[in-house]
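Step one of this worksheet: look at the structure below.
In what follows, chains carry the letters A, B, and so on, assigned in the order in which the sequence lines appear, proteins first and then strands, with residues in each chain numbered from 1.
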Amino acid sequence: NAGVMQNPRHLVRRRGQEARLRCSPMKGHSHVYWYRQLPEEGLKFMVYLQKENIIDESGMPKERFSAEFPKEGPSILRIQQVVRGDSAAYFCASSPLGTDGELFFGEGSRLTVL
Amino acid sequence: DQQVKQNSPSLSVQEGRISILNCDYTNSMFDYFLWYKKYPAEGPTFLISISSIKDKNEDGRFTVFLNKSAKHLSLHIVPSQPGDSAVYFCAAKGSGGSNYKLTFGKGTLLTVNP
């Protein structure tokens, strides 16, 4: 009974490159959330997706960031033209219900921008 | 604008004693509160929660108290064990259209000394 799977666990990119972070929710979960944790900060909501739908992307920067959760395959958080300020831990969570219950988090993807 | 505040970045206690972690919130629309525990290089793990209709919830060694009038909650761990050493995040969510969105505090690093 696998939990939320995120990969890569660690990613190093140079400024201007693209970063792609993947998340497979727990079996039976159809709701995916992405959170970002900057150094010395708490987790901040970025985006909430259901299969093929973005429900709420209010926490995501307007430029360079995008997210998808296709019908088949993992959810992907994409960051284009990365800058040093994008260095953070990106956590994916899933839930069986969209509006209640706790979230189950993955182990995170740590992005370092050189 | 921090809506969930954990004012103690760290706390150190002796094994067997009580650990008390505090959390304050400012948004009166929050009606459900959760505590997550996080070990280094891992994702947050749900610990315990409380609804605003209650003032106490207990689960084994962990008890959460909610004081709505003071907009304050606390997590009590008794007796504390070395394995409890981790970062503890307080999180809150509200009712209404965005009730899937968790707002996290910055966390408190608990160290339990043998």
Stepwise side chain to side chain contact (heavy atoms under 4.5 Å, CB included) test for A/Q37 and B/K38: CA-CA 12 Å; A/Q37 185 183 21; B/K38 185 182 179 304; 3.9 Å; yes

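For NZ of B/K54, the number of neighbouring non-hydrogen atoms (other residues, nucleotides, ligands) closer than 6.0 Å is 12 at most. Annotation for B/R17: atom CZ does not count as buried by contact number, only 12 or fewer foreign heavy atoms lying within 6.0 Å. Counted within 6.0 Å of CZ on A/R9, heavy atoms from surrounding residues, nucleotides or ligands total more than 12; the atom is thus considered enclosed. For NZ of B/K68, the number of neighbouring non-hydrogen atoms (other residues, nucleotides, ligands) closer than 6.0 Å is 12 at most.
With a 4.5 Å cut-off on side-chain heavy atoms, B/F104 and A/Y35 count as touching. Side-chain contact check for A/L103 versus B/Y100: every heavy-atom pair is 4.5 Å or farther apart. A heavy-atom distance below 4.5 Å is not found between the side chains of B/Y39 and A/E107. Within the 4.5 Å cutoff, the side chain of A/L43 has heavy atoms near those of the B/F89 side chain.
Side-chain rings of A/F105 and B/F46 stay apart, their centers remaining 6.0 Å or farther from each other.
Under a hydrophobic-cluster definition in which Ile, Leu, Val, Met, Phe, Trp and Tyr are linked whenever side-chain heavy atoms come within less than 4.5 Å, directly or via other members, B/F33 and B/L47 are assigned to the same cluster. Under a hydrophobic clustering in which Ile, Leu, Val, Met, Phe, Trp and Tyr are joined whenever their side-chain heavy atoms come within less than 4.5 Å, directly or via other members, A/V47 and A/I79 fall into the same cluster. Cluster annotation: A/Y33 is not connected to B/V4 through the hydrophobic network of ILVMFWY side chains, with a link wherever side-chain heavy atoms come within less than 4.5 Å.
A/S58 and B/K101 form a side-chain donor-acceptor contact under 3.5 Å, judged by distance and modelled atom types alone.
Minimum interatomic distance between B/E42 and A/F91 (heavy atoms only, all atoms of both residues): O-CE2, 3.8 Å. Nearest approach of A/E40 to B/K106, heavy atoms of both residues: O-CD, 3.8 Å. Across all their heavy atoms, B/P44 and A/G106 have their closest contact at CD-O, 4.5 Å.
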